[in-house]
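Beneath this line is the structure, given in C-alpha coordinates, with notes to follow.
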Amino acid sequence: MKWTTDWGLRGRMGLTMFLLFALYIVFLGFLVAFTNAGLITIVIAMGAFSFAQYFFSDKMALYSMGANVVDEDEAPELHRMVERLCQQADLPKPQVAIADSQVPNAFATGRNQKNATVAVTTGLMRTLNQEELEGVMAHELAHIKNRDVMVMTIASFLSTIAFIIVRWGWLFGGNGRNQAPVYVAILASLVVWVISFFLIRALSRYREYAADRGAASITGNPAALASALMSISGRMDKVPKEDLRDQAEMNAFFIIPIRSGFVGRIASTHPPTEKRIEKLRELEREQELA
Amino acid sequence: MGLMDTVRSILGVSAERDATRDADPEDLFGMSTAYVTMEADLGYTNAGAAALCFSSVDSTDFGDMVAEVEAILEAGAEETGTTFSQHSDDHGYNWVVLEDSDPEDLLTTIHFAADTFIEEGYGSRLLAAVFAFDKSDTDHAYWIYSFRRGAYYPFVPTGTHDRDSRAEFKLQSVLDGELGLERDEQYWYPLWPDTPGGYPWE
(Lines give C-alpha, C1' and ligand atoms only; values in the text may rest on other atoms or scores of the structure.)
Protein backbone atom coordinates (compact mmCIF):
# COMPACT_ATOMS: atom_id res chain seq x y z
CA MET A 1 0.00 0.00 0.00
CA LYS A 2 1.91 3.03 -1.23
CA TRP A 3 0.79 6.32 -2.63
CA THR A 4 2.46 8.26 -5.36
CA THR A 5 5.05 10.56 -3.88
CA ASP A 6 3.90 14.13 -3.46
CA TRP A 7 6.87 15.76 -5.17
CA GLY A 8 5.15 19.14 -5.12
CA LEU A 9 5.01 19.05 -1.33
CA ARG A 10 8.59 17.83 -0.98
CA GLY A 11 9.81 20.44 -3.44
CA ARG A 12 8.06 23.26 -1.65
CA MET A 13 9.33 22.08 1.69
CA GLY A 14 12.88 21.77 0.37
CA LEU A 15 12.73 25.20 -1.24
CA THR A 16 11.41 26.82 1.94
CA MET A 17 14.17 25.28 4.00
CA PHE A 18 16.77 26.29 1.43
CA LEU A 19 15.55 29.89 1.47
CA LEU A 20 15.57 29.96 5.27
CA PHE A 21 19.05 28.55 5.32
CA ALA A 22 20.31 31.07 2.76
CA LEU A 23 18.67 33.90 4.67
CA TYR A 24 20.31 32.80 7.90
CA ILE A 25 23.74 32.55 6.29
CA VAL A 26 23.43 36.15 5.06
CA PHE A 27 22.16 37.19 8.49
CA LEU A 28 25.12 35.57 10.24
CA GLY A 29 27.43 37.34 7.83
CA PHE A 30 25.84 40.67 8.76
CA LEU A 31 26.09 39.91 12.45
CA VAL A 32 29.77 39.06 12.20
CA ALA A 33 30.49 42.21 10.19
CA PHE A 34 28.51 44.69 12.24
CA THR A 35 28.46 43.31 15.70
CA ASN A 36 29.99 44.32 18.99
CA ALA A 37 30.46 42.60 22.33
CA GLY A 38 26.94 43.45 23.48
CA LEU A 39 25.29 41.75 20.53
CA ILE A 40 27.45 38.69 20.91
CA THR A 41 26.30 38.45 24.50
CA ILE A 42 22.67 38.46 23.36
CA VAL A 43 23.30 35.76 20.80
CA ILE A 44 25.05 33.52 23.32
CA ALA A 45 22.40 34.10 25.98
CA MET A 46 19.63 33.36 23.48
CA GLY A 47 21.45 30.23 22.37
CA ALA A 48 21.51 28.97 25.95
CA PHE A 49 17.89 29.92 26.42
CA SER A 50 16.76 28.16 23.24
CA PHE A 51 18.71 25.07 24.23
CA ALA A 52 16.98 25.00 27.60
CA GLN A 53 13.64 25.59 25.93
CA TYR A 54 14.29 22.74 23.54
CA PHE A 55 15.06 20.46 26.45
CA PHE A 56 12.06 21.41 28.53
CA SER A 57 9.67 22.05 25.66
CA ASP A 58 7.62 18.94 26.40
CA LYS A 59 7.07 19.80 30.05
CA MET A 60 6.30 23.43 29.22
CA ALA A 61 3.82 22.48 26.54
CA LEU A 62 2.03 20.04 28.83
CA TYR A 63 2.02 22.54 31.67
CA SER A 64 0.66 25.40 29.61
CA MET A 65 -2.13 23.16 28.32
CA GLY A 66 -2.95 21.80 31.75
CA ALA A 67 -2.35 18.29 30.44
CA ASN A 68 -1.52 15.47 32.79
CA VAL A 69 0.39 12.36 31.86
CA VAL A 70 -1.87 9.35 32.36
CA ASP A 71 -0.75 5.77 32.89
CA GLU A 72 -2.30 2.63 31.49
CA ASP A 73 -4.73 2.13 34.36
CA GLU A 74 -6.17 5.60 33.97
CA ALA A 75 -6.73 5.47 30.21
CA PRO A 76 -6.37 1.87 29.07
CA GLU A 77 -8.12 2.30 25.72
CA LEU A 78 -6.17 5.36 24.69
CA HIS A 79 -2.94 3.59 25.63
CA ARG A 80 -3.83 0.54 23.57
CA MET A 81 -4.65 2.72 20.60
CA VAL A 82 -1.38 4.62 20.80
CA GLU A 83 0.51 1.37 21.25
CA ARG A 84 -0.95 -0.19 18.14
CA LEU A 85 -0.40 2.92 16.01
CA CYS A 86 3.20 3.06 17.25
CA GLN A 87 3.73 -0.52 16.19
CA GLN A 88 2.62 0.36 12.69
CA ALA A 89 4.68 3.54 12.64
CA ASP A 90 7.77 1.80 14.06
CA LEU A 91 8.03 4.19 16.99
CA PRO A 92 8.75 3.62 20.66
CA LYS A 93 5.59 4.38 22.61
CA PRO A 94 5.45 8.00 23.78
CA GLN A 95 3.91 9.22 27.02
CA VAL A 96 0.19 9.81 26.84
CA ALA A 97 -1.39 12.89 28.38
CA ILE A 98 -4.94 14.19 28.71
CA ALA A 99 -5.97 17.83 29.14
CA ASP A 100 -9.31 18.61 30.66
CA SER A 101 -10.67 21.08 28.11
CA GLN A 102 -13.78 21.49 25.99
CA VAL A 103 -11.72 22.50 22.97
CA PRO A 104 -11.32 19.40 20.81
CA ASN A 105 -7.61 19.27 20.08
CA ALA A 106 -4.45 17.20 20.26
CA PHE A 107 -0.76 17.89 20.15
CA ALA A 108 2.58 16.14 20.20
CA THR A 109 5.67 17.42 21.92
CA GLY A 110 9.14 16.35 22.99
CA ARG A 111 12.59 16.88 21.55
CA ASN A 112 13.03 13.38 20.15
CA GLN A 113 11.28 10.06 19.70
CA LYS A 114 12.36 8.72 23.08
CA ASN A 115 11.16 11.77 25.01
CA ALA A 116 7.89 12.39 23.25
CA THR A 117 4.41 12.93 24.59
CA VAL A 118 1.08 12.91 22.77
CA ALA A 119 -1.75 14.76 24.42
CA VAL A 120 -5.47 14.97 23.73
CA THR A 121 -8.19 17.04 25.28
CA THR A 122 -11.23 15.45 26.85
CA GLY A 123 -13.26 17.48 24.35
CA LEU A 124 -11.55 15.69 21.47
CA MET A 125 -12.28 12.26 22.91
CA ARG A 126 -15.91 13.21 23.32
CA THR A 127 -16.25 14.65 19.81
CA LEU A 128 -14.64 11.89 17.79
CA ASN A 129 -15.40 8.23 17.32
CA GLN A 130 -12.71 5.57 17.60
CA GLU A 131 -11.57 5.65 13.97
CA GLU A 132 -11.42 9.43 13.86
CA LEU A 133 -9.47 9.56 17.10
CA GLU A 134 -7.03 7.04 15.65
CA GLY A 135 -6.53 9.34 12.66
CA VAL A 136 -5.76 12.31 14.89
CA MET A 137 -3.40 10.31 17.13
CA ALA A 138 -1.63 8.95 14.05
CA HIS A 139 -1.21 12.54 12.82
CA GLU A 140 0.47 13.46 16.11
CA LEU A 141 2.66 10.35 15.99
CA ALA A 142 3.67 11.33 12.46
CA HIS A 143 4.85 14.67 13.86
CA ILE A 144 7.00 12.77 16.35
CA LYS A 145 8.27 10.44 13.66
CA ASN A 146 9.17 13.37 11.40
CA ARG A 147 10.89 15.11 14.34
CA ASP A 148 8.88 18.24 13.81
CA VAL A 149 9.68 19.80 17.19
CA MET A 150 13.40 19.57 16.42
CA VAL A 151 13.05 20.79 12.85
CA MET A 152 10.88 23.76 13.80
CA THR A 153 13.12 24.67 16.77
CA ILE A 154 16.18 24.75 14.54
CA ALA A 155 14.31 26.60 11.81
CA SER A 156 13.17 29.33 14.16
CA PHE A 157 16.34 29.69 16.23
CA LEU A 158 18.00 32.50 14.29
CA SER A 159 14.66 34.11 13.65
CA THR A 160 14.19 34.43 17.40
CA ILE A 161 17.64 35.98 17.74
CA ALA A 162 16.82 38.44 14.96
CA PHE A 163 13.70 39.42 16.85
CA ILE A 164 15.62 39.96 20.08
CA ILE A 165 18.15 42.17 18.30
CA VAL A 166 15.35 44.23 16.77
CA ARG A 167 13.80 44.62 20.20
CA TRP A 168 16.86 45.18 22.39
CA GLY A 169 19.75 45.92 20.04
CA TRP A 170 19.60 49.71 20.65
CA LEU A 171 20.78 49.12 24.22
CA PHE A 172 24.17 48.31 22.79
CA GLY A 173 24.44 51.36 20.58
CA GLY A 174 27.30 52.85 22.59
CA ASN A 175 27.73 56.56 23.32
CA GLY A 176 27.58 58.58 20.11
CA ARG A 177 30.60 57.24 18.25
CA ASN A 178 30.46 53.98 16.29
CA GLN A 179 26.70 53.76 16.45
CA ALA A 180 26.08 53.09 12.78
CA PRO A 181 27.08 49.38 12.76
CA VAL A 182 24.59 48.54 15.46
CA TYR A 183 21.77 50.17 13.55
CA VAL A 184 22.75 48.29 10.42
CA ALA A 185 22.59 45.08 12.44
CA ILE A 186 19.17 46.05 13.81
CA LEU A 187 17.84 46.87 10.36
CA ALA A 188 19.20 43.61 8.94
CA SER A 189 17.64 41.73 11.83
CA LEU A 190 14.29 43.33 11.15
CA VAL A 191 14.35 42.25 7.51
CA VAL A 192 15.50 38.74 8.46
CA TRP A 193 12.85 38.46 11.11
CA VAL A 194 9.99 39.44 8.82
CA ILE A 195 11.05 37.19 5.93
CA SER A 196 11.88 34.25 8.16
CA PHE A 197 8.53 34.59 9.93
CA PHE A 198 6.64 33.85 6.74
CA LEU A 199 9.07 31.13 5.65
CA ILE A 200 8.73 29.39 9.02
CA ARG A 201 4.94 29.55 8.83
CA ALA A 202 5.03 28.09 5.32
CA LEU A 203 7.32 25.30 6.53
CA SER A 204 4.91 24.61 9.38
CA ARG A 205 2.00 24.28 6.94
CA TYR A 206 3.94 21.89 4.69
CA ARG A 207 4.78 19.74 7.68
CA GLU A 208 1.10 19.51 8.50
CA TYR A 209 0.42 18.09 5.06
CA ALA A 210 3.32 15.69 5.56
CA ALA A 211 1.92 14.59 8.93
CA ASP A 212 -1.51 14.06 7.33
CA ARG A 213 0.06 11.76 4.76
CA GLY A 214 1.97 10.02 7.54
CA ALA A 215 -1.24 9.56 9.51
CA ALA A 216 -3.04 8.09 6.48
CA SER A 217 -0.13 5.68 5.97
CA ILE A 218 -0.25 4.60 9.60
CA THR A 219 -4.01 4.02 9.87
CA GLY A 220 -4.65 3.08 6.23
CA ASN A 221 -7.74 5.19 6.57
CA PRO A 222 -7.49 8.72 5.12
CA ALA A 223 -11.27 9.14 5.25
CA ALA A 224 -11.38 8.84 9.06
CA LEU A 225 -8.82 11.63 9.50
CA ALA A 226 -10.73 13.79 7.03
CA SER A 227 -13.96 13.29 8.94
CA ALA A 228 -12.13 14.01 12.21
CA LEU A 229 -10.85 17.29 10.79
CA MET A 230 -14.36 18.15 9.71
CA SER A 231 -15.88 17.49 13.13
CA ILE A 232 -13.08 19.37 14.90
CA SER A 233 -13.30 22.44 12.69
CA GLY A 234 -17.07 22.40 12.98
CA ARG A 235 -16.90 22.27 16.74
CA MET A 236 -14.21 24.91 17.00
CA ASP A 237 -16.63 27.67 16.03
CA LYS A 238 -18.94 26.88 18.89
CA VAL A 239 -16.52 26.99 21.81
CA PRO A 240 -16.25 30.15 23.89
CA LYS A 241 -13.63 32.72 22.98
CA GLU A 242 -11.89 33.00 26.40
CA ASP A 243 -10.88 29.41 26.17
CA LEU A 244 -9.42 30.03 22.75
CA ARG A 245 -7.27 32.95 23.79
CA ASP A 246 -5.89 31.08 26.75
CA GLN A 247 -4.56 28.45 24.47
CA ALA A 248 -3.46 30.54 21.52
CA GLU A 249 0.24 30.28 22.39
CA MET A 250 0.13 26.56 21.79
CA ASN A 251 -1.20 26.97 18.27
CA ALA A 252 1.86 25.70 16.48
CA PHE A 253 1.47 22.24 17.94
CA PHE A 254 -2.26 21.89 17.60
CA ILE A 255 -3.93 19.78 14.99
CA ILE A 256 -6.16 22.64 13.92
CA PRO A 257 -5.08 26.13 14.91
CA ILE A 258 -7.38 28.24 16.95
CA ARG A 259 -8.38 31.60 15.44
CA SER A 260 -7.36 30.57 11.96
CA GLY A 261 -9.92 33.00 10.57
CA PHE A 262 -8.17 35.99 12.15
CA VAL A 263 -4.71 35.59 10.84
CA GLY A 264 -3.89 35.83 7.19
CA ARG A 265 -3.41 32.65 5.26
CA ILE A 266 0.35 33.03 4.86
CA ALA A 267 0.88 33.81 8.51
CA SER A 268 -0.98 30.70 9.58
CA THR A 269 0.80 27.68 11.09
CA HIS A 270 -1.72 25.24 9.63
CA PRO A 271 -3.16 24.88 6.13
CA PRO A 272 -6.88 25.51 5.73
CA THR A 273 -8.92 22.46 6.75
CA GLU A 274 -10.63 22.24 3.35
CA LYS A 275 -7.27 21.89 1.62
CA ARG A 276 -6.13 19.19 4.01
CA ILE A 277 -9.38 17.31 3.46
CA GLU A 278 -8.98 17.65 -0.30
CA LYS A 279 -5.50 16.09 -0.08
CA LEU A 280 -6.82 13.25 2.07
CA ARG A 281 -9.59 12.68 -0.44
CA GLU A 282 -6.95 12.22 -3.14
CA LEU A 283 -5.25 9.57 -1.01
CA GLU A 284 -8.55 7.79 -0.40
CA ARG A 285 -9.31 7.81 -4.12
CA GLU A 286 -5.87 6.48 -4.98
CA GLN A 287 -6.24 3.75 -2.37
CA GLU A 288 -9.55 2.58 -3.83
CA LEU A 289 -8.49 2.74 -7.46
CA ALA A 290 -5.05 1.17 -7.01
CA MET B 1 20.08 7.15 13.56
CA GLY B 2 21.66 7.11 10.15
CA LEU B 3 22.16 9.99 7.79
CA MET B 4 19.28 8.94 5.57
CA ASP B 5 16.93 8.84 8.57
CA THR B 6 17.91 12.40 9.36
CA VAL B 7 17.32 13.51 5.79
CA ARG B 8 13.90 11.83 5.79
CA SER B 9 12.99 13.53 9.03
CA ILE B 10 14.02 16.90 7.65
CA LEU B 11 11.84 16.32 4.60
CA GLY B 12 8.99 15.15 6.81
CA VAL B 13 8.58 11.78 5.11
CA SER B 14 9.77 9.47 7.91
CA ALA B 15 6.29 8.65 9.13
CA GLU B 16 4.97 7.85 5.69
CA ARG B 17 7.96 5.76 4.71
CA ASP B 18 8.25 3.66 7.85
CA ALA B 19 4.52 3.01 7.98
CA THR B 20 4.56 1.68 4.41
CA ARG B 21 7.82 -0.29 4.56
CA ASP B 22 7.42 -3.88 3.43
CA ALA B 23 7.89 -6.91 5.65
CA ASP B 24 10.28 -9.84 5.21
CA PRO B 25 8.67 -13.17 6.17
CA GLU B 26 11.80 -15.36 5.88
CA ASP B 27 12.72 -14.68 9.52
CA LEU B 28 9.63 -16.65 10.56
CA PHE B 29 11.43 -19.93 9.93
CA GLY B 30 13.81 -19.05 12.75
CA MET B 31 11.05 -20.23 15.08
CA SER B 32 11.56 -23.78 13.87
CA THR B 33 14.42 -24.56 16.24
CA ALA B 34 13.08 -22.21 18.88
CA TYR B 35 10.13 -24.58 19.35
CA VAL B 36 12.58 -27.32 20.24
CA THR B 37 14.60 -25.18 22.64
CA MET B 38 11.48 -23.88 24.33
CA GLU B 39 10.28 -27.40 25.09
CA ALA B 40 13.57 -29.17 25.79
CA ASP B 41 15.35 -26.49 27.83
CA LEU B 42 12.62 -24.29 29.24
CA GLY B 43 9.64 -26.60 29.69
CA TYR B 44 7.30 -24.59 27.50
CA THR B 45 5.22 -26.81 25.23
CA ASN B 46 3.80 -25.73 21.91
CA ALA B 47 0.35 -24.31 22.55
CA GLY B 48 -0.64 -25.49 19.09
CA ALA B 49 -1.52 -22.01 17.95
CA ALA B 50 0.11 -19.13 16.16
CA ALA B 51 -1.41 -15.96 14.86
CA LEU B 52 -0.84 -13.22 12.38
CA CYS B 53 -1.74 -9.77 13.56
CA PHE B 54 -2.37 -6.99 11.07
CA SER B 55 -3.93 -3.57 10.79
CA SER B 56 -6.51 -3.14 8.12
CA VAL B 57 -6.81 -0.70 5.26
CA ASP B 58 -10.02 1.10 4.42
CA SER B 59 -10.26 -0.18 0.86
CA THR B 60 -12.20 -2.80 -1.07
CA ASP B 61 -9.01 -4.22 -2.53
CA PHE B 62 -7.68 -4.96 0.96
CA GLY B 63 -10.89 -6.77 1.88
CA ASP B 64 -10.57 -8.87 -1.26
CA MET B 65 -7.01 -9.79 -0.33
CA VAL B 66 -8.03 -10.95 3.16
CA ALA B 67 -10.79 -13.04 1.61
CA GLU B 68 -8.22 -14.57 -0.75
CA VAL B 69 -5.92 -15.45 2.16
CA GLU B 70 -8.85 -17.11 3.87
CA ALA B 71 -9.72 -19.13 0.77
CA ILE B 72 -6.15 -20.36 0.45
CA LEU B 73 -5.95 -21.29 4.11
CA GLU B 74 -9.26 -23.11 3.79
CA ALA B 75 -7.89 -25.15 0.92
CA GLY B 76 -4.62 -25.82 2.76
CA ALA B 77 -6.46 -26.99 5.88
CA GLU B 78 -7.34 -30.27 4.22
CA GLU B 79 -3.71 -31.02 3.39
CA THR B 80 -1.87 -29.97 6.54
CA GLY B 81 -4.69 -30.17 9.05
CA THR B 82 -3.99 -26.59 10.07
CA THR B 83 -7.29 -24.97 10.99
CA PHE B 84 -7.73 -21.23 11.03
CA SER B 85 -10.05 -18.48 12.12
CA GLN B 86 -10.12 -14.79 11.31
CA HIS B 87 -11.42 -12.03 13.55
CA SER B 88 -10.83 -8.56 14.88
CA ASP B 89 -10.60 -7.68 18.56
CA ASP B 90 -11.79 -4.68 20.59
CA HIS B 91 -8.51 -2.86 20.19
CA GLY B 92 -8.67 -2.65 16.43
CA TYR B 93 -6.25 -5.49 15.75
CA ASN B 94 -7.13 -8.05 13.12
CA TRP B 95 -6.07 -11.64 13.55
CA VAL B 96 -5.60 -14.74 11.48
CA VAL B 97 -5.29 -17.53 14.05
CA LEU B 98 -3.86 -20.89 13.02
CA GLU B 99 -4.10 -24.07 14.99
CA ASP B 100 -1.98 -27.15 14.53
CA SER B 101 -0.04 -29.33 16.93
CA ASP B 102 2.86 -29.59 14.47
CA PRO B 103 5.09 -26.48 14.66
CA GLU B 104 6.43 -27.02 11.15
CA ASP B 105 2.92 -26.90 9.68
CA LEU B 106 2.17 -23.78 11.69
CA LEU B 107 5.28 -22.08 10.37
CA THR B 108 4.66 -23.04 6.76
CA THR B 109 1.09 -21.82 6.90
CA ILE B 110 1.84 -18.56 8.67
CA HIS B 111 4.69 -17.86 6.27
CA PHE B 112 2.37 -18.54 3.40
CA ALA B 113 -0.28 -16.16 4.70
CA ALA B 114 2.28 -13.43 5.34
CA ASP B 115 3.69 -13.93 1.88
CA THR B 116 0.26 -13.41 0.32
CA PHE B 117 -0.02 -10.06 2.12
CA ILE B 118 3.32 -9.01 0.71
CA GLU B 119 2.60 -10.20 -2.82
CA GLU B 120 -0.65 -8.27 -2.87
CA GLY B 121 1.20 -5.12 -1.81
CA TYR B 122 0.00 -5.03 1.79
CA GLY B 123 3.15 -6.28 3.50
CA SER B 124 3.41 -3.03 5.41
CA ARG B 125 0.12 -3.76 7.18
CA LEU B 126 1.51 -6.86 8.93
CA LEU B 127 2.29 -6.01 12.53
CA ALA B 128 3.27 -9.22 14.21
CA ALA B 129 3.36 -12.99 14.12
CA VAL B 130 2.61 -14.45 17.52
CA PHE B 131 3.73 -17.93 18.59
CA ALA B 132 2.12 -19.28 21.72
CA PHE B 133 3.64 -21.62 24.30
CA ASP B 134 2.09 -23.18 27.38
CA LYS B 135 3.57 -23.83 30.78
CA SER B 136 0.17 -24.80 32.13
CA ASP B 137 -3.43 -24.22 31.03
CA THR B 138 -3.41 -20.61 32.18
CA ASP B 139 0.30 -19.88 32.02
CA HIS B 140 1.33 -18.79 28.54
CA ALA B 141 4.42 -17.35 26.97
CA TYR B 142 4.79 -15.86 23.52
CA TRP B 143 7.43 -15.15 20.99
CA ILE B 144 6.33 -12.18 18.97
CA TYR B 145 7.91 -11.43 15.64
CA SER B 146 7.56 -7.77 14.70
CA PHE B 147 7.35 -7.36 10.95
CA ARG B 148 7.96 -3.65 11.32
CA ARG B 149 11.20 -4.17 13.25
CA GLY B 150 12.24 -7.47 11.69
CA ALA B 151 12.98 -8.91 15.14
CA TYR B 152 11.62 -11.21 17.84
CA TYR B 153 10.82 -10.43 21.45
CA PRO B 154 9.36 -12.50 24.30
CA PHE B 155 6.06 -11.64 25.94
CA VAL B 156 4.90 -13.34 29.15
CA PRO B 157 1.70 -11.83 30.52
CA THR B 158 0.45 -12.43 34.04
CA GLY B 159 -3.21 -11.48 34.27
CA THR B 160 -4.40 -8.91 31.76
CA HIS B 161 -1.92 -6.07 32.17
CA ASP B 162 1.20 -7.22 33.92
CA ARG B 163 4.31 -8.73 32.45
CA ASP B 164 6.45 -11.40 34.04
CA SER B 165 9.76 -9.70 33.28
CA ARG B 166 11.78 -12.42 34.99
CA ALA B 167 10.36 -15.05 32.64
CA GLU B 168 10.85 -12.72 29.68
CA PHE B 169 14.45 -12.17 30.70
CA LYS B 170 14.98 -15.91 30.86
CA LEU B 171 13.47 -16.43 27.41
CA GLN B 172 15.53 -13.59 26.02
CA SER B 173 18.76 -14.97 27.50
CA VAL B 174 18.24 -18.54 26.35
CA LEU B 175 16.99 -17.84 22.83
CA ASP B 176 19.48 -15.06 22.08
CA GLY B 177 21.49 -16.06 19.05
CA GLU B 178 18.88 -18.54 17.94
CA LEU B 179 16.36 -15.81 17.09
CA GLY B 180 17.12 -12.30 15.91
CA LEU B 181 16.06 -10.40 19.01
CA GLU B 182 14.80 -6.86 19.36
CA ARG B 183 17.57 -5.05 21.28
CA ASP B 184 15.55 -1.98 22.18
CA GLU B 185 13.07 -3.05 24.85
CA GLN B 186 10.97 0.04 24.18
CA TYR B 187 9.72 -1.85 21.16
CA TRP B 188 8.59 -4.93 23.12
CA TYR B 189 4.95 -4.10 22.59
CA PRO B 190 2.56 -6.26 24.62
CA LEU B 191 -0.51 -7.93 23.12
CA TRP B 192 -2.65 -8.34 26.20
CA PRO B 193 -5.21 -11.10 26.51
CA ASP B 194 -8.72 -9.95 27.44
CA THR B 195 -9.09 -12.54 30.16
CA PRO B 196 -6.39 -13.80 32.57
CA GLY B 197 -4.91 -17.01 31.23
CA GLY B 198 -6.45 -16.45 27.78
CA TYR B 199 -4.74 -15.83 24.47
CA PRO B 200 -4.47 -12.28 23.12
CA TRP B 201 -6.60 -13.03 20.06
CA GLU B 202 -9.49 -14.44 22.05
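Heavy atoms only: backbone and side chains are in, while hydrogens, waters and symmetry mates are out. Computed from a predicted structure; not experimentally measured.
Residues T20(B) and S217(A) are in side-chain contact: their nearest non-hydrogen atoms beyond the backbone lie under 4.5 Å apart. A 4.5 Å side-chain heavy-atom check between M150(A) and T6(B) finds every atom pair outside the cut-off. Using a 4.5 Å heavy-atom cutoff, the side chains of V13(B) and R10(A) are in contact. Using a 4.5 Å heavy-atom cutoff, the side chains of Y187(B) and K93(A) are not in contact.
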Point to revise | From CA spacing to verdict: side chain to side chain contact (heavy atoms under 4.5 Å, CB included), N146(A), S9(B) | key: CA-CA 4 Å; N146(A) 292 339; S9(B) 290; 5.6 Å; no
> Q88(A) and S55(B): side chain to side chain donor-acceptor pair (under 3.5 Å), yes or no, with the steps?
Replying inline: CA-CA 8 Å; Q88(A) 180 70 47; S55(B) 51; 2.7 Å; yes
*For E16(B) and D6(A), run side chain to side chain contact (heavy atoms under 4.5 Å, CB included): C-alpha distance rounded to whole Å, both residues' side-chain angles, the deciding distance at 0.1 Å, then the answer.*
CA-CA 11 Å; E16(B) 192 181 337; D6(A) 191 341; over 6 Å; no
**Working for side chain to side chain contact (heavy atoms under 4.5 Å, CB included), residues E284(A) and D58(B)** = CA-CA 8 Å; E284(A) 182 75 28; D58(B) 177 35; 3.2 Å; yes
| said: Please determine whether side chain to side chain contact (heavy atoms under 4.5 Å, CB included) holds for the pair F147(B) and Q87(A), giving the CA-CA distance in whole Å, both sets of side-chain angles, and the decisive distance to 0.1 Å. | reply: CA-CA 9 Å; F147(B) 287 99; Q87(A) 267 178 299; over 6 Å; no
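Here the CG-OG distance, from D148(A) to S14(B), works out to 9.5 Å after rounding to the nearest 0.5 Å. Within the model, atoms NZ of K145(A) and CZ of R17(B) stand 9.0 Å from one another, a figure rounded to the nearest 0.5 Å. If you take CD on E72(A) and NE2 on H161(B), they are separated by 8.0 Å, rounding to the nearest 0.5 Å.
Comparing L85(A), L141(A), L91(A), I144(A) by how many heavy-atom pairs each has under 4.5 Å with chain B, the most go to L91(A). Contacts with chain B were tallied for E134(A), E83(A), R84(A); R84(A) has the most, counting heavy-atom pairs under 4.5 Å. Options A210(A), P92(A), A142(A) differ in how many heavy-atom pairs under 4.5 Å they form with chain B, and the most are formed by P92(A).
If you measure heavy-atom distances from M13(A) to chain B, the contacts under 4.5 Å come from the side chain alone. Both the backbone and the side chain of I10(B) have a heavy atom closer than 4.5 Å to some heavy atom of chain A. In this structure, no portion of W188(B) lies under 4.5 Å from any heavy atom of chain A. For R207(A), the part sitting under 4.5 Å from any heavy atom of chain B is the side chain, from C-beta outward, and nothing else. Interface remark: D73(A) contributes side-chain atoms only to the contact with chain B (heavy atom separation under 4.5 Å). In this structure, chain B has a heavy atom under 4.5 Å from the backbone of T219(A), while its side chain stays farther away. For Y93(B), the parts sitting under 4.5 Å from any heavy atom of chain A are the backbone and the side chain alike. Contact annotation for A89(A): only backbone heavy atoms (N, CA, C, O) come within less than 4.5 Å of a heavy atom of chain B.
A salt bridge does not link R80(A) with D89(B): every distance from a Lys NZ or Arg NE/NH1/NH2 to an Asp or Glu carboxylate oxygen is 4.0 Å or more.
Annotation for C86(A) and Y189(B): closest pair CB-OH, 3.1 Å, computed over non-hydrogen atoms. Scanning both residues, G214(A) and A15(B), for their nearest heavy atoms gives CA-CB, 3.9 Å. Nearest heavy-atom pair across A19(B) and I218(A) is CB-CG1, 3.7 Å. Contact record, G220(A) with R125(B): N-NH2, 3.3 Å, taken as the closest heavy-atom pair.
Environment of CZ in F112(B): sparse, with no more than 12 heavy atoms of neighbouring residues, nucleotides or ligands closer than 6.0 Å. Around the CD atom of E26(B), the shell of radius 6.0 Å holds more than 12 heavy atoms that belong to other residues, nucleotides or ligands. By the 6.0 Å contact criterion, CZ on F51(A) is open, its count of non-hydrogen atoms from other residues, nucleotides or ligands being 12 or less. For D71(A), the CG atom is densely surrounded, since the number of other residues' heavy atoms within 6.0 Å is greater than 12. When the shell of 6.0 Å around NZ of K275(A) is examined, it contains 12 or fewer heavy atoms from other residues, nucleotides or ligands. When the shell of 6.0 Å around CZ of F169(B) is examined, it contains 12 or fewer heavy atoms from other residues, nucleotides or ligands.
Side-chain N or O atoms of E288(A) include one that pairs as donor or acceptor with a backbone N or O of T60(B) at under 3.5 Å. The closest donor-acceptor contact from the side chain of D90(A) to the backbone of D18(B) lies at 3.5 Å or more, if one exists at all.
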